[in-house]
Amino acid sequence: VQYWGEDELKSLSGSPLLGEAQKRSVATSDDYKKLAKMIVEDNGVMTEEEFSFNHFAWAVSTVFSRSLLLSMSENEASVPVLLPGFGEFDLTVENASSIQLDNETIVISSFSGAKSGASIFVNNGMKGNDNLLLNHGTFIEGNPYDSVPIAIRMSSDDPLYGVKERMLRTIGVSASTTFRLAKSNNGTVPSGLVRALRVQLLRGKELDRFNVIRSGNAPVSLYNEALVYRTLLMACEQMLKMYPTTLSQDDAELKEIASAAKDEELKATRPLVGILHRRMEKQILLRTKIWVYEQWSSILSIDGGLSQYLEHY
């Protein structure tokens with residue numbers, strides 16, 4: 001995505017993926033400047049033409065798009081390997097093949113077999129489209145591993161910041177942890193995010209209730225839980241406001257593109273992929289809002305156990 005044109009990038013306006021692509025572009029530029037000084041200016045190992053930014057950016061993107069994780073042995077962790085010819089295979093998130101090291105030879109086996117002229121699909125990890133677009137330049141419509149990153153930061157002005165930061169570490173997260181709202185969870189917020197928010201939003205008189213958070217997923221108090229759900233709703237609203245278009249406007253754009261397609265053949269252009277990707281993100285955020293409403297309604301229902309939180313209100 002970091003190599004898309006300016007007009008093409010507009011289709012990702014508001015998407016967290018656009019920010020990641022911009023970070024990658026800045027990092028690539030910074031790395032190039034540092035290396036160019038050593039390789040070209042200081043030592044003259046290569047000429048400026050040989051070690052151009054375009055060549056370096058191509059090399060970086062090649063490493064990201066062509067490398068795969070390979071297990072060298074049963075007892076060793078997987079390591080990234082740059083495999084020549086790997087780019088000739090089509091990536092998939094389905095369990096379509098296996099990649100193994102056999103006597104210093106990498107063997108790719110297709111589970112479904114392969115017919116002459118047909119594509120061979122290789123699974124390079126259960127990755128969402130933001131990862132595939134950023135690192136491989138690939139998009140899979142209906143990808144079940146799609147997700148949206150969400151980070152809700154605790155204010156450094158909070159007088160209890162230090163105490164809460166230590167509490168967060170106790171439950172295995174930090175004040176800067178980014179969580180992901182997964183498409184497959186149909187709006188359900190990760191329990192780790194809910195627990196982290198309960199800690200971040202504790203009042204002084206509720207600090208002694210931290211053991212409730214540490215030992216499970218029960219609410220601390222009715223007031224604290226209301227703040228948690230309110231914060232989640234506000235975060236989703238703020239993220240949705242970042243997009244210049246609504247979901248219905250995205251649908252209208254897609255219909256317009258489809259109606260202009262010749263012979264009903266829809267080509268996967270970058271703007272089309274951008275619309276599909278941002279539409280998926282909005283759907284996840286809207287489903288998350290629905291989940292929050294349902295959770296809060298269940299607590300306020302007659303059978304929601306409301307009375308057990310009243311003493312901590």
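Just so you know, residue 1 is the first one in the sequence shown, and it goes up from there. All values reported here derive from a predicted model rather than from experimental measurement.
Ring geometry, Tyr32 versus Phe51: the interplanar angle falls under 30°, so the pair is classed parallel (tilted spans 30 to 60°). Ring-plane geometry between Trp296 and Tyr229 is classed as perpendicular, the angle between the planes exceeding 60 degrees on a 0 to 90 degree scale with a lower cut at 30.
Side chain of Asn143 to main chain of Tyr145: a donor-acceptor pair is present (N/O by atom type, distance under 3.5 Å, no hydrogens or angles). At distances below 3.5 Å, not a single donor-acceptor pair connects side-chain atoms of Asn185 with backbone N or O atoms of Gly187.
When each of Lys183, His277, His136 is tested with Asn129 by the rule side chain to side chain contact (heavy atoms under 4.5 Å, CB included), just one qualifies, namely His277. Only one option out of Arg279, Glu281, Gln249, Lys282 pairs with Tyr243 in a side chain to side chain donor-acceptor pair (under 3.5 Å); it is Glu281.
The number of heavy atoms from other shown groups lying within 6.0 Å of CE (Met46) is above 12. Around atom CD of Glu50, more than 12 heavy atoms belonging to other residues, nucleotides or ligands sit under 6.0 Å away. Other residues, nucleotides and ligands contribute only 12 or fewer heavy atoms inside 6.0 Å of the CE atom of Met234.
Side-chain contact check for Ser119 and Asp90: at least one donor-acceptor pair (N or O, by modelled atom type) lies under 3.5 Å. Between Arg66 and Asn135, the side chains place no donor N or O within less than 3.5 Å of an acceptor N or O (distance only, hydrogens not considered). Residues Asp250 and Thr245 have side chains that bring a donor and an acceptor to within less than 3.5 angstrom of each other.
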Exercise. Any chance you could lay out the salt bridge (charged side-chain N to carboxylate O under 4.0 Å, His left out) test for Arg180 and Asp146, step after step, and finish with the verdict?
Key: CA-CA 9 Å; Arg180 300 196 73 90; Asp146 274 334; over 6 Å; no
Quiz prompt | Stepwise side-chain contact (heavy atoms from CB on, under 4.5 Å) check, Val107 with Ile99 | solution = CA-CA 6 Å; Val107 179; Ile99 304 175; over 6 Å; no
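For the pair Asp7 and Arg270, the salt-bridge criterion is not met [side-chain N within less than 4.0 Å of a carboxylate O]. Salt-bridge check for Lys23 with Glu20: passed, with a basic side-chain N closer than 4.0 Å to an acidic carboxylate O.
Every side-chain hydrogen bond (donor to acceptor under 3.5 Å, both in side chains) that Ser176 has, sequence neighbours left out, goes to Ser174.
Of all the heavy atoms in Lys289 and Cys236, the pair that sits closest is CG-CB, 3.8 Å. The heavy-atom pair separating Leu202 from Arg198 by the smallest distance is CG-O, 3.2 Å.
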